[in-house]
> 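For reference, the structure I am asking about is given below.
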Protein chains: 2
Amino acid sequence: MRKGEQTRAAILDAALDLASRDGLEGLTIGLLAERMQMSKSGVFAHFGSREDLQVEVVREYHRRFEDEVFFPSLREARGLPRLRAMMNRWMEKRIQEVTTGCIYISGAVEYDDRAASAVREQLVHSVSMWRDALLRAIRQSKDEGHLKADTDPQLMLFELYSFTLGLHHDARFLHLPEAVQLTRDALEKTFTSYQTPGSNGGAPSSAGNSESISPNASVNPDPSPAATLTSHHTDSR
Amino acid sequence: MRKGEQTRAAILDAALDLASRDGLEGLTIGLLAERMQMSKSGVFAHFGSREDLQVEVVREYHRRFEDEVFFPSLREARGLPRLRAMMNRWMEKRIQEVTTGCIYISGAVEYDDRAASAVREQLVHSVSMWRDALLRAIRQSKDEGHLKADTDPQLMLFELYSFTLGLHHDARFLHLPEAVQLTRDALEKTFTSYQTPGSNGGAPSSAGNSESISPNASVNPDPSPAATLTSHHTDSR
């Protein structure tokens with residue numbers, strides 16, 4: 001990495017940190033310059049405008065989210081094991097974010113009533129890609145026979161997504177010590193309600209269900225074009 | 001109402017409006033003075049400080065919430081009919097707030113990482129009172145035999161609360177047209193999962209279950225001290 005790229009990456013890292021703490025709207029070039037011990041014009045040299053910077057912060061968060069939550073989950077068998085892995089990793093990330101904040105959640109509130117903007121667009125795009133990935137995993141779990149044939153994928157997605165919002169709310173705003181356990185219980189109750197009787201696709205007791213994974217499995221072993229968060233997906237119910 | 005009280009009420013009304021739109025932290029005396037076509041000192045004459053004003057806005061929102069959601073629900077029979085009424089009215093309010101915003105939700109994000117402050121304290125207090133009221137209604141539904149004996153009230157509260165967060169997120173941030181229907185479906189699924197088989201306490205088909213309510217029923221017919229949102233309640237699981 002060249003010097004200029006290193007500096008840009010360091011600025012982006014600090015910006016993500018500030019935006020997680022204060023929200024994307026709390027992110028200013030002045031604050032960032034102070035944190036980086038740089039001049040404002042030095043920051044501007046790497047990001048043309050405050051809005052460009054905000055958009056890049058959302059993109060950077062999304063890249064890290066894919067690396068931490070999505071790609072590692074693709075190592076699990078298609079269907080319920082993969083869906084459960086996605087939810088588990090997402091929960092782990094949410095638990096970390098109880099102290100640092102999450103720009104998807106704060107952004108969803110900051111930009112819920114704002115006119116169209118590049119930042120809002122990027123946020124909605126990133127959140128929607130993750131939701132589409134979850135929806136695909138739910139549909140694949142039906143196809144594999146792990147979930148009942150009458151499972152409504154949109155309803156299941158609504159339940160799963162709402163519980164992670166509830167976790168963030170209860171842990172970060174109300175400081176409830178039982179928030180994590182309640183979230184686990186609620187997620188498990190939802191999985192159980194949709195699971196095909198007798199199917200044990202990826203239930204907690206079957207952890208280590210890795211017969212299809214070689215030690216050298218690549219990060220993204222699924223060759224289908226639908227296997228990346230960034231693919232497009234028709235979101236029909 | 002005297003002139004001074006009228007002016008104070010009008011300022012509070014405008015302040016609640018601004019805070020719903022821009023968040024409590026977006027509420028400034030300057031913006032409010034402009035909206036009211038008053039001087040800043042005129043506003044300060046009614047509210048000693050910006051923080052006092054913010055706290056009063058949270059209190060005012062809470063009073064309206066009680067009037068619109070909580071007190072009318074107490075007219076329903078104790079147990080599941082009352083719990084369902086609380087959730088239905090809350091959902092109606094949330095649907096209205098898709099356009100106006102909700103200071104409980106935006107406040108939960110604005111103040112999630114802030115040091116203790118009078119505003120944060122009032123927000124947590126108001127939200128907790130509503131959650132305690134829901135918890136009481138869940139426990140009463142168990143006592144009445146409407147919900148199964150092994151119902152975990154905290155888990156049920158977590159589910160119900162998360163779905164209203166999900167409604168706000170999906171409708172207001174993502175603009176999903178199916179958000180309201182998904183929320184109804186998720187709530188109904190939760191009620192059904194806890195309901196005692198054979199019990200029909202307040203299911204949608206039994207609307208008008210009002211044999212215990214006279215036309216002159218007072219707003220708050222429940223004489224128990226636990227019947228107001230403002231009562232204290234030990235929140236042990």
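In what follows, chains carry the letters A, B, and so on, assigned in the order in which the sequence lines appear, proteins first and then strands, with residues in each chain numbered from 1.
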> Would you give the length of the straight line joining atom CG of Asp112(A) to atom OG1 of Thr99(B), rounded to the nearest 0.5 angstrom?
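Here the interatomic distance stands at 11.0 Å.
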> Enter the distance from Leu182(B):CG to Leu157(A):CG here, rounded to the nearest 0.5 Å.
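These two atoms lie 8.5 Å from each other.
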> Mind ranking Arg172(B), Lys189(B), His169(B) by heavy-atom pairs under 4.5 Å with chain A and telling me who comes out on top?
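When all of Arg172(B), Lys189(B), His169(B) are compared, Arg172(B) has the most.
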> Side-chain contact test, heavy atoms from C-beta onward, threshold under 4.5 Å: evaluate it for Arg131(B) versus Leu176(A) and give yes or no.
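Sidechains of Leu176(A) and Arg131(B): in contact.
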> Measuring from Gln154(A):CD to Asp185(B):CG, what's the distance to the nearest 0.5 Å?
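It is 11.5 Å, given to the nearest 0.5 Å.
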> Does CD in Glu51(A) sit with more than 12 non-hydrogen atoms of other residues, nucleotides or ligands closer than 6.0 Å?
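Correct, the count exceeds 12.
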> Working note: Leu165(B) + Ser162(A), criterion side-chain contact (heavy atoms from CB on, under 4.5 Å); need CA distance, chi angles, decisive distance, verdict.
CA-CA 7 Å; Leu165(B) 293 174; Ser162(A) 295; over 6 Å; no
> Taking all non-hydrogen atoms of both residues, which atom of Phe158(B) and which atom of Asp170(A) are closest, and how far apart?
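In terms of heavy atoms, the two residues are closest at CD1-OD2, 3.4 Å.
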> Given that the side chain runs from C-beta out, which part of Leu123(A) has a heavy atom under 4.5 Å from chain B: side chain, backbone, both or neither?
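Contact with chain B is through both the backbone and side chain of Leu123(A).
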> Let me confirm one number: the CD-CG distance from Gln181(B) to Leu155(A), rounded to the nearest 0.5 Å.
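One finds 9.5 Å between CD of Gln181(B) and CG of Leu155(A).
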> Need one label for Val127(A): side chain, backbone, both or neither, based on atoms under 4.5 Å from any heavy atom in chain B.
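Interface part for Val127(A): side chain.
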> Under a 4.5 Å cutoff for heavy-atom pairs, which residue among Ile105(B), Thr183(B), Thr190(B) has the most contacts with chain A?
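Answer, by heavy-atom pair count under 4.5 Å with chain A: Thr183(B).
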> Between Glu159(B) and Glu159(A), is the side-chain contact (heavy atoms from CB on, under 4.5 Å) condition met? List the steps.
CA-CA 8 Å; Glu159(B) 291 172 60; Glu159(A) 292 171 61; over 6 Å; no
> Return yes when atom CD of Glu121(B) has more than 12 non-hydrogen atoms of other residues, nucleotides or ligands closer than 6.0 Å, and no otherwise.
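No - once you tally the heavy atoms of other residues, nucleotides and ligands closer than 6.0 Å, there are 12 at most.
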> Between Thr164(A), Leu174(A), Asp22(A), which has the largest tally of heavy atom pairs under 4.5 Å with chain B?
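When all of Thr164(A), Leu174(A), Asp22(A) are compared, Leu174(A) has the most.
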> Heavy-atom distances under 4.5 Å only: say whether Phe163(A) touches chain B with side chain, backbone, both or neither.
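Backbone plus side chain of Phe163(A), per the 4.5 Å heavy-atom cut-off to chain B.
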> Would a line drawn from the ring center of Tyr104(B) to the ring center of Phe173(A) be shorter than 6.0 Å?
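Ring centroids of Tyr104(B) and Phe173(A) are no less than 6.0 Å from each other.
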